[in-house]
**Q** 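Dropping a structure here in structure tokens format, bear with me for questions.
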Amino acid sequence: MRFLSKLTYALLIVTAGMSQLAFSANFNWASQGDITTFDPHSESESFKNMAVALVYEGLVRYDKDNKIEPALAESWEVVPEGFLFKIREGVKFHEGQPLTPEDVVYSLKRAAFAQMSQFKPYAAGITDVVLQPDGRVLVKTSTLSPVILNQLTLLKIMNKDWSKEHKVLEPQDFAGQEESFTVNHANGTGPFKLKSREVDVKTVFERNKDWWDEPNRVGNVDISNYTPIQSGATRTAALLSGQIDFVLDPAPQDIQRLKKTPNIKVMEMPELRTIMIMLDQFQDQSPYIKVDGKPTDKNPFKDKRVRQALYQAVDIEALKKNVMRGASEPIGTIIASSVNGWSEKANQRLPYDLDNAKKLLAEAGYPNGFEFVLDTSNNRWVNDESIAKALAAMWAKIGLKVHVNAMPRSIYFPKIERFDTSASMMGWTPATLDALIAIQPLVGTYDLQKGYGLANPGRVSDPEIDKLIEKITIEPDAVKRNQYIEDALMLIKENVYVLPLHTQYLTWAMKKNIDIPQRADNYVLLDKVKVQ
């Protein structure tokens with residue numbers, strides 16, 4: 001009996017050790033471009049926001065069913081002035097500082113009101129943030145719409161003293177390419193710490209064992225190595241060779257091959273992101289347009305007939321078949337069908353019609369066409385450069401000479417945020433799952449203080465749309481609010497302010513020993529990744 005007891009004890013030790021070993025894993029993953037910044041309130045771009053969300057947290061978050069649940073706020077209540085939050089106690093930042101209500105007030109004001117914040121659209125309806133005598137935080141709002149809570153998932157909380165120490169009390173000027181401390185450093189409360197970062201080489205995340213929600217962590221990743229790999233073929237080769245475990249954006253031409261590979265699995269679902277072309281409708285002399293080989297002070301894109309000609313010269317089905325390999329869904333509006341406020345009426349595309357496109361160009365005074373530069377990233381959206389080149393070929397059929405200017409996202413996004421463009425590609429995901437966070441930034445009249453038009457490189461400006469944005473922001477009645485949304489979407493459609501293309505299919509490829517929840521916003525939830 002004594003021998004059996006010792007043997008049993010020894011087996012228990014070995015089993016416990018094996019269990020601990022199984023729980024700790026490295027996870028190596030890749031996509032085509034690098035994270036642009038870790039400033040939580042600087043550039044708002046979905047991949048960057050996803051990376052930031054591994055490190056920083058908001059007052060609330062989404063559960064597995066996309067319902068709002070508590071995060072750094074333990075609870076909240078609706079009051080006449082807005083939303084009153086009780087801040088969770090015992091939470092620590094990665095460098096050891098305790099989370100305080102003062103940190104929350106500072107961070108929300110940094111996101112909502114700081115001049116260079118790109119997160120003002122997510123603060124729409126927030127008028128002030130006030131610390132209460134009892135330590136609760138009052139988020140004052142102009143509306144009691146529950147969409148405010150969705151918006152707060154994007155407004156991440158920083159440590160005020162850390163921000164002061166590193167001279168980052170204000171958000172990074174991303175468009176101005178400011179070299180802020182927050183570009184490559186972070187100090188959040190989230191499930192992972194930013195361990196190290198080599199721009200365009202590798203970013204390493206380390207499990208935060210002191211995370212306040214550690215008992216509920218379901219994943220077993222201790223170290224996560226993210227590597228940007230621009231070439232689709234190279235990403236596929238790295239996955240097949242075992243160098244990486246997961247590819248966020250496999251090349252469409254490789255998907256069927258990956259599906260047939262025994263030790264690889266592919267996950268697919270519709271994505272929230274829409275891809276569109278934005279045209280400069282603000283400047284009289286747009287910088288990258290020439291008519292008869294010369295710059296012109298008459299911007300063709302300010303003429304609706306020209307914009308419609310470009311729209312109707314896009315063979316969207318050919319784009320889907322030949323460039324996207326079937327992995328896209330043509331659209332006629334700026335939001336996906338799963339986003340609140342989507343309208344079937346607004347989603348009807350104008351027909352592909354080369355004859356009418358040529359007629360419209362002639363009527364606008366360009367029977368022989370003109371030339372312009374189409375700016376695009378080459379490592380952000382699925383086949384972004386290939387889409388741009390396909391469009392250039394299509395527009396050539398109506399007499400337009402289009403020069404594709406493709407560049408890495410780290411150069412592309414600051415360029416278009418400075419409005420240094422005549423035509424550009426845009427991909428947009430409303431992270432709140434609501435149409436306001438597409439309409440306001442994409443077509444609202446540019447206003448840095450109000451947060452309108454921050455992703456509107458075409459500088460579209462329509463007072464009627466701005467009025468509708470104001471109504472959408474404050475309207476608590478869902479039926480009335482969705483009608484305002486449809487009205488705005490129809491104005492965008494009727495005036496051809498944007499050239500909508502498609503929604504991407506969200507396709508992930510990974511080793512078969514990887515268990516990961518797939519979300520329509522393309523977020524990788526590292527704390528839920530299991531490596532078998």
Side-chain angles (χ1 to χ4, degrees), residues 24-39 43 45-55 183-186 190-208 219-255 257-258 261 263-267 377-385 406-413 427 504 506-519 522-532:
S24 301
N26 285 2
F27 178 65
N28 303 312
W29 57 299
S31 74
Q32 61 183 316
D34 201 12
I35 303 152
T36 50
T37 178
F38 273 90
D39 190 312
E43 184 213 16
E45 184 263 337
S46 59
F47 183 76
K48 170 262 180 178
N49 293 346
M50 179 270 292
V52 164
L54 301 175
V55 178
V183 174
N184 297 318
H185 302 84
F192 284 86
K193 301 177 182 179
L194 179 60
K195 183 179 182 181
S196 64
R197 176 160 156 78
E198 297 174 76
V199 176
D200 291 328
V201 178
K202 185 169 72 171
T203 299
V204 180
F205 299 93
E206 180 181 29
R207 175 183 162 203
N208 175 20
N220 65 345
V221 173
D222 266 12
I223 298 293
S224 172
N225 301 296
Y226 172 73
T227 304
I229 305 175
Q230 183 169 342
S231 165
T234 307
R235 291 197 301 280
T236 296
L239 178 63
L240 293 175
S241 67
Q243 293 178 338
I244 58 174
D245 304 305
F246 171 87
V247 176
L248 184 70
D249 48 3
Q253 61 269 25
D254 291 337
I255 291 171
R257 175 189 174 196
L258 290 169
T261 304
N263 64 333
I264 298 296
K265 65 180 178 181
V266 174
M267 298 173 66
S377 59
N378 58 14
N379 64 351
R380 178 58 193 101
W381 304 296
V382 176
N383 282 351
D384 40 14
E385 183 174 2
M407 66 203 84
R409 67 173 74 170
S410 59
I411 299 172
Y412 178 69
F413 286 120
Q504 299 176 169
L506 198 162
T507 305
W508 292 354
M510 67 208 77
K511 295 178 182 177
K512 281 200 171 174
N513 67 325
I514 302 298
D515 182 12
I516 182 170
Q518 190 175 36
R519 294 188 1 165
N522 210 20
Y523 270 37
V524 176
L525 305 178
L526 281 183
D527 61 296
K528 294 177 172 56
V529 173
K530 297 177 184 176
V531 182
Q532 306 296 336

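The figures that follow rest on heavy atoms only: side chains count, while hydrogens, waters and symmetry mates do not.
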**Q** Taking atom CZ of F246 and atom CG of L526, what is their separation to the nearest 0.5 Å?
**A**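 Output value for this atom pair is 9.0 Å.
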**Q** Should L240 and L258 count as side-chain neighbours, where that means a heavy-atom distance under 4.5 Å?
**A**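 They are in contact (side-chain heavy atoms under 4.5 Å apart), so the answer is yes.
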**Q** Using atom types as modelled and distance alone, determine if a side-chain donor or acceptor of D245 lies under 3.5 Å from a backbone N or O of N28.
**A**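 Yes.
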**Q** Any chance you could measure I516, atom CD1, to L248, atom CG, to the nearest 0.5 Å?
**A**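 So the CD1 of I516 and the CG of L248 are separated by 8.5 Å.
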**Q** Let's go through F47 and Y226 carefully: what are the C-alpha distance in whole Å and the side-chain angles of both, what is the deciding distance for ring-ring contact (aromatic ring centres under 6.0 Å, His included) to 0.1 Å, and is it a yes or a no?
**A** CA-CA 12 Å; F47 183 76; Y226 172 73; 5.5 Å; yes
**Q** Looking at R197 and I35, would you say the former's side chain and the latter's main chain have a donor-acceptor pair under 3.5 Å?
**A**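 Confirmed, R197 side chain pairs with I35 backbone.
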**Q** Would you say the side-chain atoms of N208 pair up with the backbone N or O of G190, donor to acceptor, closer than 3.5 Å?
**A**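 Such a contact is found between N208 side chain and G190 backbone.
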**Q** Where do A53 and Y523 come nearest, in terms of heavy atoms and distance?
**A**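 Looks like CB-CE2, 4.2 Å.
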**Q** List in chain and number order the residues that pass salt bridge (charged side-chain N to carboxylate O under 4.0 Å, His left out) with R235, two or more places apart in sequence or in another chain; answer none if no residue qualifies.
**A**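 For R235, the residues satisfying salt bridge (charged side-chain N to carboxylate O under 4.0 Å, His left out) (neighbours in sequence not counted) are D249.
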**Q** Determine the minimum heavy-atom distance between V531 and I514, stating which atoms define it.
**A**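 Scanning both residues completely, I find the closest heavy atoms to be CG2-CD1, 3.9 Å.
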**Q** Would you say V55 and K193 make side-chain contact, with heavy atoms under 4.5 Å?
**A**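 Contact flag for V55/K193 side chains = no.
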**Q** Using a 4.5 Å cut-off on heavy atoms from C-beta on, say whether the side chain of N383 contacts that of P252.
**A**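 A side-chain contact under 4.5 Å exists here.
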**Q** Say you draw a straight line from CZ of F27 to NZ of K530; how long is it, rounded to the nearest 0.5 Å?
**A**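 Between F27 CZ and K530 NZ, I get 14.0 Å after rounding to 0.5 Å.
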**Q** Nearest 0.5 Å, what's the CG-OG1 distance between L239 and T234?
**A**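 Result: 12.5 Å between the selected atoms.
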**Q** When you compare the side chain of T227 with that of W29, does any pair of heavy atoms fall below 4.5 Å?
**A**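 No, their side chains stay 4.5 Å or more apart.
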**Q** Considering only heavy atoms from C-beta outward, does the side chain of L525 approach that of M50 to under 4.5 Å?
**A**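 Sidechains of M50 and L525: no contact.
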**Q** How long is the gap from OG on S224 to NZ on K195, to the nearest 0.5 Å?
**A**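 One gets 11.5 Å once the value is rounded to the nearest 0.5 Å.
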**Q** Using only atom types and a distance under 3.5 Å, with no angle test, would you say the side chain of T261 pairs donor to acceptor with the backbone of N263?
**A**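 The answer is no, because no donor-acceptor pair under 3.5 Å joins these two groups.
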**Q** Is there a side-chain contact between E198 and T203, using heavy atoms and a 4.5 Å cut-off?
**A**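 With C-beta onward as the side chain, the pair stays apart.
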**Q** So, for K511 and I244, which heavy atoms are closest and what is the spacing to 0.1 Å?
**A**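 Reported closest heavy-atom pair: CE-O, 3.3 Å.
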**Q** Can you tell me how far the OG1 atom of T507 sits from the CD1 atom of I255, to the nearest 0.5 Å?
**A**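 The OG1 atom of T507 sits 4.0 Å away from the CD1 atom of I255.
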**Q** Less than 4.5 Å apart, any side-chain heavy atom of S31 and any of R380?
**A**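 Answer no - side chains too far apart.
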**Q** Applying side chain to side chain donor-acceptor pair (under 3.5 Å), name anything that partners N522, two or more places apart in sequence or on another chain.
**A**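 Only W508 meet the side chain to side chain donor-acceptor pair (under 3.5 Å) criterion with N522.
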**Q** Which heavy atom in I229 sits nearest to a heavy atom in A238, and how many Å separate them?
**A**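 For I229 and A238, the tightest heavy-atom pair comes out as CD1-CB, 4.3 Å.
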**Q** Locate the shortest heavy-atom distance separating D384 from S377; write the atom from each residue and the value.
**A**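 For D384 versus S377, the nearest heavy atoms are OD2-OG, 2.8 Å.
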**Q** Does a side-chain N-to-carboxylate-O contact under 4.0 Å join D34 and K202?
**A**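 K202 and D34: not salt-bridged.
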**Q** Any side-chain heavy atom of V247 sitting closer than 4.5 Å to one from T236?
**A**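 No, side chains not in contact.
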**Q** Taking all non-hydrogen atoms of both residues, which atom of L54 and which atom of V524 are closest, and how far apart?
**A**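 Smallest heavy-atom distance, with atoms named: CD2-O, 3.5 Å.
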**Q** Just by modelled atom types, is the G33 backbone N or O under 3.5 Å from a matching donor or acceptor in the Q230 side chain?
**A**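 No, Q230 side chain to G33 backbone: no donor-acceptor pair under 3.5 Å.
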**Q** Between W381 and Y412, what is the ring plane arrangement, given parallel below 30°, perpendicular above 60°, and tilted in between?
**A**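 The arrangement is perpendicular - the two ring planes meet at more than 60°.
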**Q** Identify which one of R409, K48, E43, E45 satisfies the side chain to side chain donor-acceptor pair (under 3.5 Å) criterion when paired with T36.
**A**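 With T36 as partner, R409, K48, E43, E45 yield a single side chain to side chain donor-acceptor pair (under 3.5 Å), made by E43.
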